[in-house]
Structures are given as C-alpha cells and as structure tokens.
Amino acid sequence: MRIPILMKLKTERRYKMVKHIWPLVFFTIISQMAAGGYLFLKISRFVPVLMPFPESSVKRMLTILLIMASAALFISFSHLGTPKNAIFALCNFRSSWLSREVFFMAAFVGILLFETVFYRWISNSAFLSGTIALLGILILSSFLFSMAKIYQLETLPSWNNNYTLLNFYCTALLAGIVLLIILNPIKIQGNINSLLLTTIAFMIIQMILFVGYSPATGSWKTIGIILYGILLLTVKLQLIKVIPQNTVASLVLIIFLTFAIIIERYLFYASYQNVGV
Amino acid sequence: MDKQRAFYLDSSACSGCKTCQVACKDKNDLALGIRWRRVYEITGGDWEQKGDSWVSKVSSYFLSMSCNHCANPICLTSCPTEAIVKRDDGIVIIDPERCMGCRYCKWACPYGAMQFDKQKGQMGKCDFCFDYLDEGKEPSCVAACPMRALDFGTMDELKEKYGIDKTIYPLPDPEICNPSLLITPHKNADTDSYEIENREEVQNG
C-alpha cells in the first residue's frame with residue numbers, strides 16, 4: 001500500500017539563483033530575441049501590414065539576427081561542465097527536450113546563415129522565399145516550444161504549467177518586435193504605428209502573465225511590474241507621438257525592455273523547486 | 001524487471017549516524033560537497049504543556065537516500081547526450097565519455113541523486129557499487145551500516161523478505177519514476193500528525 005505524499009510548495013521564499021544559471025538567462029533571452037525577430041519577419045511576409053520596413057533593410061536585419069543567435073549558442077556552451085561532449089547533445093532526440101532544443105537551435109542558425117549568404121538569390125524567387133519563410137516559422141516555433149518544454153518536467157512543479165510556454169513565446173515575440181524597431185531607422189512617419197500597436201498588445205499579455213501566473217513573489221516582481229508599466233506607457237506615448245518616433249526613443253525602449261525581461265527571467269530561474277529532496 | 005537491483009531502508013532502525021554516507025564518500029573518493037548517499041533528518045512537533053509540566057511531542061526520523069535506480073528513470077529520458085544508461089540488472093550509471101555536465105538530470109531527479117563534480121565538470125551518482133557486486137561483495141553503504149538498516153537485492157527478493165512498499169515524506173509520488181526502493185517507515189513518519197519544522201533544510205539537502 002502506498003501512502004500518498006503531501007508536498008507543500010513554498011510560496012513565500014527568498015529567491016536566489018546559483019551562478020551557473022546566469023549563462024542560461026542570457027542564452028534564453030538573446031536566442032528568444034533573435035527568434036522572435038526572425039519569426040516576426042517571416043510572419044510579416046504573409047501579413048505585409050506588420051512589415052513597414054523597406055526591403056533593403058531585411059538583409060541587414062538577418063545578419064544581425066544571425067550574430068545574435070550565434071552569440072546565444074556560444075553563451076550556452078559556458079553553462080556546460082564539459083563542452084567537448086556537447087557534440088553528443090543531439091543523440092537523445094527521441095525523448096529529451098533539451099536534445100530537441102539543441103537541434104532546432106542549430107537549424108535556426110543554419111537557416112539564418114543560408115538566407116544571409118544567399119539572400120539575393122532567395123529574394124528574387126517568390127517560391128524560394130515563401131518556402132524559406134514557412135520553414136523558418138516552423139523551425140522557430142519548434143525551437144521556442146522545445147525550449148519551454150525543457151522546464152515542464154513533472155518533478156518541477158513551479159515550472160510545469162502553461163505560464164512557462166506562454167511566457168517564452170510572448171517574450172520572444174515582444175523582444176523580437178522591439179528589436180526590429182530599433183534595427184530600422186524610421187524614415188516614414190506613421191509606418192511604425194502597426195508595430196507599436198502589436199508591441200502594446202504583447203506587452204499587455206506579458207504583464208498579465210507575469211502578474212497573474214508567475215510563481216515569483218516579492219520586491220523583484222514588483223520592480224518587474226513597474227518596468228513593464230513604464231514600457232507600456234512609453235510605447236503608448238510613442239504611438240500618439242507625445243514621445244517622438246525615432247531611433248533614440250526606440251533604443252531607450254529596448255534597454256528598458258531588456259531589463260524587464262532579465263528580471264523576469266531571473267525570477268523564473270530563481271523560482272526553481274523540485275518535488276522530493 | 002526480475003533482475004532490477006534495489007535498496008531497502010529500515011528507517012525505524014536508522015540512527016542518522018551517516019556511516020553509510022561516509023563509507024560511500026570513502027569508497028568513491030568523492031570531493032568536498034559531493035554526497036552520493038545523503039542522510040536526511042526530518043523533525044517536527046512541539047512541546048505540550050500539561051498542567052505544570054511540559055510533555056515532548058517532538059518527532060524526528062532519518063532517511064538515508066542514494067540513487068534509487070528507478071524503473072522509469074526521468075534522468076535517462078531527459079539526458080540529451082544519452083550519457084545515462086540502465087544496465088540489464090537495472091543499475092543506472094553515467095557514462096563519463098558522453099556527459100557534458102549540463103545538469104539537466106539534476107533538475108529532473110526528484111531524489112537529489114545527481115551530483116555535479118566541479119573538478120570533473122560532469123555529473124556523478126551512486127552506481128550501486130557494481131564493481132563490488134561483481135566481486136560478490138555488498139555495496140559499501142550496506143556493509144558499513146552499524147544498525148543494519150540498509151539492505152540490497154533484487155526488487156522481488158526484497159519484497160518477499162520485507163513485504164513493505166511504502167513511501168514517506170519527503171519522497172515524491174513513486175508513480176513518477178518507480179524507484180527501486182523499499183522502506184520500513186519510522187513510527188514518526190506519519191507527518192500528517194505534526195508540523196515539520198525543517199522543510200527547507202530537508203529540501204535543500
């Protein structure tokens with residue numbers, strides 16, 4: 001006869017994260033930023049109203065996204081105790097979400113590299129560019145899904161919920177949009193409004209998730225909420241042009257957003273809790 | 001699995017002396033901070049005033065825990081490099097030629113079995129002293145226990161010998177990984193009857 005176990009989850013605790021997790025914080029943020037930017041670029045190919053940027057800036061954006069994704073991959077190696085064995089990381093694709101994440105991350109870098117190198121050839125072919133766009137959306141969606149599923153283990157109750165999944169997708173798309181705004185100087189007034197509206201929508205979703213569903217509590221969560229509130233206000237003011245729609249304003253926006261995302265991600269990792277001992 | 005190797009712990013006899021923990025560290029030459037076998041003390045309860053006197057209602061018991069070489073090891077399914085393998089006799093081991101030290105198995109394992117060795121940059125855990133088993137010897141922890149609270153064998157042998165199949169706090173639902181572990185609980189293991197005072201100490205090892 002098995003006696004059921006009662007395990008109380010701590011809801012009030014001091015959050016502390018171990019040092020070796022910091023590379024994961026920056027790996028997830030930078031890779032999600034690049035993934036969100038690329039995903040949004042590809043989606044906007046089918047929904048042009050979301051893409052007010054001139055075609056001439058796309059290659060530059062792709063190059064920067066490639067650098068970011070490669071940097072994220074490099075950072076992830078610093079988390080490993082024995083990086084030389086990382087070549088085996090694809091072996092357990094059958095059951096390990098970490099293996100799947102590595103695969104889709106490599107595919108992401110691969111597709112970015114391919115598209116950057118052969119950009120002119122791809123952009124001249126509607127069929128090729130459409131196929132790459134669909135493939136890119138599939139790879140990036142799978143990458144973000146795999147990344148979230150890593151944390152949704154039965155033995156990790158604070159992470160094993162839909163907040164993790166929604167948060168990762170939302171962070172990626174939100175950070176991606178803001179990154180695209182900053183990468184493109186705004187030359188034509190009014191074209192940025194659709195992007196700003198989309199940014200506001202994602203920020204609202206992100207705030208609701210963070211306030212309502214994040215397992216974190218305490219003063220750092222309050223700081224995160226305040227930062228998102230300031231960001232929301234800033235974007236709204238930029239939309240109605242109280243704050244000018246220029247590169248400097250966008251740069252300030254992305255710096256504050258990055259801080260908010262770092263705090264949120266720190267709290268996520270610091271809320272690690274395992275059933276048992 | 002008929003040949004599944006398993007541990008038995010008589011928690012009612014365990015005195016918390018940690019001889020098993022030391023024997024394991026000695027045999028495997030483990031570095032400071034690494035414990036492949038860990039002894040947890042679970043305490044709770046309080047003193048109750050009865051008239052002019054105080055009566056102790058304090059409860060405590062000990063749990064000696066290593067890797068449970070689970071029938072469905074979550075560490076094995078989570079490991080991206082397939083460094084964690086399950087032998088025919090059910091013993092779960094780590095292949096140092098493949099482990100990249102990502103620590104994902106440490107997150108996954110609900111028994112705290114996975115220990116990261118900073119010097120080697122890889123994970124390590126109880127291997128059931130399979131080298132001793134091959135020589136016909138007992139695992140070092142079992143041999144060292146002065147209270148004879150530890151035993152080993154196949155799961156079927158232990159069930160027949162002890163007839164116990166219980167799980168106690170702070171162990172998780174055994175349905176998650178199906179640990180190859182049998183426990184005779186201490187009389188104080190009924191933790192519904194008192195408030196545990198050192199949860200954080202227990203859960204942080």
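A note on names: the letters A, B, ... follow the listed sequences, proteins ahead of strands, and every chain is numbered from 1.
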Practice prompt. Start with the C-alpha gap between Thr77(B) and Ser96(A), add the side-chain angles, then the distance that decides, and say whether side chain to side chain contact (heavy atoms under 4.5 Å, CB included) holds.
Written response: CA-CA 6 Å; Thr77(B) 53; Ser96(A) 170; over 6 Å; no
Response to the item:
Hits for salt bridge (Lys or Arg N to Asp or Glu O under 4.0 Å) against Glu115(A), two or more places apart or cross-chain, chain-then-number order -> Lys42(A)
Worksheet item: What residue, out of Leu24(A), Leu156(A), Val102(A), Ile87(A), has the most heavy-atom pairs lying under 4.5 Å from chain B?
Response: Leu156(A)
Discussion item. Can you tell me which portion of Leu76(B) sits under 4.5 Å from chain A's heavy atoms? Options are side chain, backbone, both or neither.
Written reply: backbone
Discussion item. Rounded at 0.5 Å granularity, tell me how far OG1 in Thr155(A) sits from CD1 in Ile74(B).
Written reply: 4.0 Å
Item to complete: Using modelled atom types only, decide if a donor and an acceptor are shared between the side chain of Asn92(A) and the backbone of Cys79(B) within a distance under 3.5 Å.
Response: yes
Practice prompt. Sort Leu80(A) into side chain, backbone, both or neither according to what part of it lies under 4.5 angstrom from a heavy atom of chain B.
Written response: both
Worksheet item: Quick check: does any side chain N or O of Thr81(B) sit under 3.5 Å from a backbone N or O of Phe88(A), one acting as donor and the other as acceptor?
Response: no
Practice prompt. Using a heavy-atom cutoff of under 4.5 Å, enumerate the residues of residues 65-77 of chain A that contact chain B, numbered in order, or state 'none'.
Written response: none
Worksheet item: Which answer fits Arg94(A), side chain, backbone, both or neither, if we ask what part of it has an atom under 4.5 Å from a heavy atom of chain B?
Response: side chain
Fill in: Where Val275(A) and Pro172(B) come nearest, the two heavy atoms and their spacing
CG2-CB, 3.8 Å
Worksheet item: Just wondering, more than 12 heavy atoms not from Phe256(A) lying within 6.0 Å of its CZ?
Response: no
Discussion item. Please classify the contact of Ile150(A) with chain B as side chain, backbone, both or neither, using a heavy-atom distance under 4.5 Å.
Written reply: both
Worksheet item: What are the residues of residues 95-109 of chain B, in order of number, with any heavy atom under 4.5 angstrom from a heavy atom of chain A?
Response: Pro96(B), Glu97(B), Arg98(B), Cys99(B), Met100(B), Gly101(B), Cys102(B), Arg103(B), Tyr104(B), Lys106(B), Trp107(B), Ala108(B), Cys109(B)
Worksheet entry | Largest heavy-atom contact set with chain B, pairs under 4.5 Å, which of Cys91(A), Ser99(A), Ala86(A) | Cys91(A)
Worksheet entry | residues 112-124 of chain B: residues contacting chain A (heavy atom under 4.5 Å, by number) | Gly112(B), Phe116(B), Lys120(B), Gly121(B), Gln122(B)
